[in-house]
Peer 1: 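Have a look at this one.
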Amino acid sequence: MRHESGPSDGQPVLASSAGASPALTPSAATAGTATASADTTLALPGIGRLLRARSFRTPQVLSTARAGKIALATIVGGVLLMVLYATHAPTILVPRSSQIFASWEAGPLQFVLQGVHVGTTVTSYSLSALILVLLAAYGVALTALRTLSTRAIVITIVAANVILMLGPPFQLTDMGNYLGYARLGGLHGMNPYTHVIGQEMHDPIYHFATWDNLHSPYGELFTALSYPLAFLPIPVAYWVVKVVTVALSLTFIGIVCWCAKRLGRDPRYAAVLVGLNPIYLVYAVGGFHNDFFMLVPLTASIAFLLAGRDKSAGAMLVVAVAVKFSAVLLLPFLLVAARPTRRRIQVLIGCALAGIPLLVMSLLLFGFSIPNLSQQGSLLTPFSFPNLFGYFIGVGGGTSGILRLADVALVVVVIILLRRDGDWITRAGWATFALIASLAWVMPWYVIWLLPLAALGSSERLRRVALGLTVFLVLVFLPSSGKVWSLVNFNPLDGSAGQASSALQAKLSSYSAASSQQMPGTKP
């Protein structure tokens with residue numbers, strides 16, 4: 001993980017040389033930002049270098065204005081086609097739709113393809129092909145970025161997000177769980193950190209949840225914010241979550257673009273790299289995940305630090321941590337960036353100002369119970385890096401020893417990155433990649449934790465890694481990927497660790513009174 005910096009590293013900077021931009025404060029400059037001049041002409045990043053290796057050359061036709069426009073249109077059209085297909089009838093694209101698929105879940109576009117019937121196998125391969133088309137269009141959009149206008153990019157991102165909002169949540173969604181925990185605590189008076197969704201099995205939301213026997217792993221602030229949804233009709237609460245999630249998605253992209261401009265980078269690059277990523281669209285926005293509740297305050301903390309508002313930076317980061325604990329990884333890098341020492345003190349004061357009332361709120365609502373990260377952290381997904389490592393070295397997959405080794409490696413990597421000089425955002429990006437690589441339970445949308453840091457950092461290698469991770473996660477999570485791996489008789493979960501994880505996952509997904517009595521802190 002050698003740190004790289006400087007214009008020769010492919011970082012997008014203002015097209016000029018000496019002096020700092022009037023938009024950059026001295027504090028931002030000391031935080032590892034790029035230098036810029038008063039000239040406001042923006043130079044695009046080395047996209048060609050990013051997407052071209054010595055082993056192959058990108059065809060010139062892919063970098064033309066026509067190719068760029070076709071790519072943007074393909075992304076919007078692909079997203080629309082996916083939503084139309086997901087709404088017309090129960091499919092494998094929408095979890096549990098074969099059991100229950102209410103009209104309010106299907107959305108207003110459900111009648112467009114009504115009467116179309118496609119088999120499960122054809123659906124699986126067709127949807128996989130469509131996701132691969134979106135991935136290819138994303139690559140073309142990056143290649144032809146120099147020809148794309150800000151207006152065209154903004155329209156594409158907004159259109160894709162709005163279209164996704166009109167459809168049901170796609171595969172791997174946790175929407176039902178969010179509402180399940182909200183109603184468990186807000187409506188039924190049971191602490192989501194000591195009770196499970198299965199204990200409200202007579203509530204209609206039970207049929208939409210996927211983790212029936214799992215104590216909530218979600219942060220206290222997110223859980224508290226979800227409680228008011230419990231008093232709304234389920235269809236209304238469902239649409240509130242969707243609208244808010246899409247609004248946060250667009251806000252997140254806006255903050256990333258503001259940071260890019262502040263750093264002297266082209267905001268179009270940040271917008272395309274983050275907002276048109278197929279995983280971002282299909283799994284993160286399409287699944288309406290709560291990661292946006294964390295990413296908005298997290299990127300806001302970066303924006304505040306760049307603007308010299310150190311207390312606000314610290315406060316926003318604590319808000320992000322209260323939504324999802326993984327955001328805490330950014331804190332040491334914020335402190336590294338906040339120089340001199342008085343600025344670091346201001347960041348810590350901001351952390352305290354936000355942390356104290358959040359702690360009081362948590363104690364009042366949940367007592368001393370905390371999110372259930374331990375059980376989720378012990379579950380394995382087939383293609384998480386620790387499980388693949390354990391599988392290929394012949395120890396049975398992601399065993400407890402392998403997972404402890406991954407945790408130690410993460411700590412070592414973070415310490416090394418903190419001790420090195422250079423761009424702090426790039427170092428935070430490498431730490432985030434190390435975090436994703438250390439996790440036993442990896443979902444495709446985790447890549448959106450890395451994308452904004454890759455877009456804002458100075459390392460071309462980090463951007464390549466972010467794109468490589470995107471391709472890897474797209475391929476292993478395709479709807480048809482399970483069929484493909486079974487054809488070649490490859491199952492990373494057939495080891496001892498994988499089998500134990502599968503058994504635990506089945507237990508956590510299926511509630512019974514007997515299993516509840518065995519779980520500490522629960523009541524039947």
Peer 1: Can you name the one residue among L281, L84, L130 that meets side chain to side chain contact (heavy atoms under 4.5 Å, CB included) with V79?
Peer 2: L281
Peer 1: Does the side chain of L380 reach to within under 4.5 Å of the side chain of L493, using non-hydrogen atoms?
Peer 2: yes
Peer 1: Taking the six-membered ring of W239 as reference, does the NZ or CZ atom of K242 fall below 6.0 Å from its centre and within a 45° cone about the axis?
Peer 2: yes
Peer 1: Hey, mind stepping through N290 and Y218 against side chain to side chain donor-acceptor pair (under 3.5 Å) and telling me if it holds?
Peer 2: CA-CA 9 Å; N290 69 347; Y218 306 121; 5.8 Å; no
Peer 1: Does the side chain of V285 reach to within under 4.5 Å of the side chain of W445, using non-hydrogen atoms?
Peer 2: no
Peer 1: Work out which heavy atom in A300 is nearest to a heavy atom in I255; give both atom names and the distance.
Peer 2: N-CG2, 4.0 Å
Peer 1: Output, in order, the C-alpha distance, side-chain angles, deciding distance and verdict of side chain to side chain donor-acceptor pair (under 3.5 Å) for S326 and Y446.
Peer 2: CA-CA 11 Å; S326 58; Y446 290 4; over 6 Å; no
Peer 1: So, R309 side chain and A307 main chain: donor-acceptor pair closer than 3.5 Å or not?
Peer 2: no
Peer 1: Any side-chain heavy-atom pair from Q505 and W211 closer than 4.5 angstrom?
Peer 2: yes
Peer 1: Just do the side chain to side chain donor-acceptor pair (under 3.5 Å) check on N177 and T210 with the steps written out, would you?
Peer 2: CA-CA 6 Å; N177 300 322; T210 54; 2.8 Å; yes
Peer 1: Check for me whether the distance between the ring centres of F288 and Y238 falls short of 6.0 Å.
Peer 2: no
Peer 1: Taking everything shown except L81 itself, do over 12 heavy atoms lie less than 6.0 Å from its CG?
Peer 2: yes
Peer 1: Is the number of heavy atoms from other residues, nucleotides or ligands within 6.0 Å of CZ (F325) greater than 12?
Peer 2: no
Peer 1: Run F222 and Y181 through ring-ring contact (aromatic ring centres under 6.0 Å, His included) and show every step you take.
Peer 2: CA-CA 11 Å; F222 176 77; Y181 290 121; 9.6 Å; no
Peer 1: Is it the case that the side chains of Y193 and T223 hold a donor-acceptor pair, with the cut-off being a distance below 3.5 Å and no angle test?
Peer 2: yes
Peer 1: Test E220 against L365 for side chain to side chain contact (heavy atoms under 4.5 Å, CB included), laying out the working first.
Peer 2: CA-CA 9 Å; E220 295 90 338; L365 286 178; over 6 Å; no
Peer 1: Side chains of I205 and F208: does their closest heavy-atom pair fall under 4.5 Å?
Peer 2: yes
